[in-house]
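Presented below is the structure to which this report refers.
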Amino acid sequence: MSDSPVISGSDEFGGKAGQLERLVLVSYHLCPYVQRAAIALSEKGVPFERKYIDLADKPEWFKKISPLGKVPLLQVEGTTLFESAVILEYLEDSQPNPLHPSDPLLRADHRAWIEFGSSILNTIAGFYNAPTESAFEQKCQELAEKFAWVETRLSDGPYFAGERFSLVDAVFGPIFRYFDVFDEIGDFGILGGKPKLTAWRGALGQRESVIEAVSPDYPRLLKGFLFRRESH
């Protein structure tokens, strides 16, 4: 996070410059949707505060401001925004250093792949919650097929849109972070044979905003969470 945000005007990615207000991102340590917002804020150079909660023991103040009982929330001048897609679009509309393309068709394409990233996260949840070996193998296959689609979309990189970091990168950075921990548990063959995907994963893993979107103890926390599932 930067304490000295850079104010810039519109460029080929489109967007607005303006006065920056202090924002509060209500977070949970393991939530990939929170990470999206944190990455976008960092990439835009917007100062923000993170307020962590325990989703297993939600505080009363949180219950009163979160209609869905989920994170992330973004508190802006007395207004609370919920749902990560809405938060990302608000940041694009209101803050400098745009992460969406300016071309309407390309922007729609990026939004579609952001939704595809959300579908991957849903399948990942099914993967680590699979109660039986057959269910587990099915989720492995589903994930491999989804990432095969991503492989066909990628070009020369290093990022999704080439040299320019975009919101699609902000979405997939947290996805690949799961596999950093999964790889320590076993080789499930999900990402194998996908060289463009492997290169993209490596580039995102070295990006400062992606690294700093979680605390240093994230791997330990995620491993504990996974083993408490008592799934296959």
From CA spacing to verdict: side chain to side chain contact (heavy atoms under 4.5 Å, CB included), L91, L23: CA-CA 11 Å; L91 295 176; L23 307 176; 4.0 Å; yes
Measuring from [X]:[atom1] to [Y]:[atom2], what's the distance to the nearest 0.5 Å?
X: K194; Y: T152; atom1: NZ; atom2: OG1; result: 11.0 Å
X: H100; Y: H110; atom1: NE2; atom2: NE2; result: 8.5 Å
X: K146; Y: T123; atom1: NZ; atom2: OG1; result: 4.0 Å
X: R111; Y: E89; atom1: CZ; atom2: CD; result: 4.0 Å
X: L222; Y: I185; atom1: CG; atom2: CD1; result: 7.0 Å
X: K58; Y: K64; atom1: NZ; atom2: NZ; result: 15.5 Å

Would a 4.5 Å heavy-atom cut-off, applied to side chains only, mark [X] and [Y] as touching?
X: P174; Y: V214; answer: no
X: F116; Y: V168; answer: no
X: Y33; Y: S118; answer: yes
X: K70; Y: Y28; answer: no
X: F225; Y: H29; answer: no
X: R177; Y: L204; answer: no
X: V71; Y: F62; answer: yes
X: Y218; Y: Q35; answer: yes

Shared hydrophobic cluster, I53 / I65 (ILVMFWY, side-chain heavy atoms < 4.5 Å): yes
V181 reachable from I190 in the ILVMFWY side-chain graph, under 4.5 Å edges: yes
Examine distances only and state if a side-chain atom of [X] and a backbone atom of [Y] form a donor-acceptor pair shorter than 3.5 Å.
X: R107; Y: S102; value: yes
X: K44; Y: N97; value: yes
X: S134; Y: T132; value: no

Compute the ring centroids of [X] and [Y], then answer whether they are less than 6.0 Å apart.
X: F179; Y: F182; value: yes
X: F172; Y: W200; value: yes
X: F127; Y: F136; value: yes

Crowding at CG, D217 (>12 non-hydrogen neighbours, <6.0 Å):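 More than 12 within 6.0 Å, yes.
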Atom CG of D156 with >12 non-hydrogen neighbours under 6.0 angstrom: no
Distance-only polar pair, side chains of E137 and Q141, donor-acceptor under 3.5 Å: no
Result of checking L167, I114, I87 against R36 for side chain to side chain contact (heavy atoms under 4.5 Å, CB included): I114
Working for side chain to side chain contact (heavy atoms under 4.5 Å, CB included), residues F165 and I39: CA-CA 11 Å; F165 189 94; I39 292 168; 3.8 Å; yes
Which atom pair, heavy atoms only, marks the closest approach of [X] to [Y]?
X: R50; Y: S27; answer: NE-OG, 3.4 Å
X: Y159; Y: A203; answer: CE2-CB, 4.0 Å
X: G69; Y: L55; answer: O-CD2, 4.3 Å
X: A40; Y: L99; answer: CA-CD1, 3.9 Å

D169 with R207: basic N within carboxylate O range, under 4.0 Å: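 Judged by the 4.0 Å cut-off on N to carboxylate O distance, D169 and R207 do not form a salt bridge.
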Candidate pair F160 and L154, rule side chain to side chain contact (heavy atoms under 4.5 Å, CB included), full reasoning: CA-CA 6 Å; F160 181 80; L154 295 173; 3.8 Å; yes
Verdict with supporting geometry, W149 and I120, side chain to side chain contact (heavy atoms under 4.5 Å, CB included): CA-CA 11 Å; W149 273 103; I120 290 177; over 6 Å; no
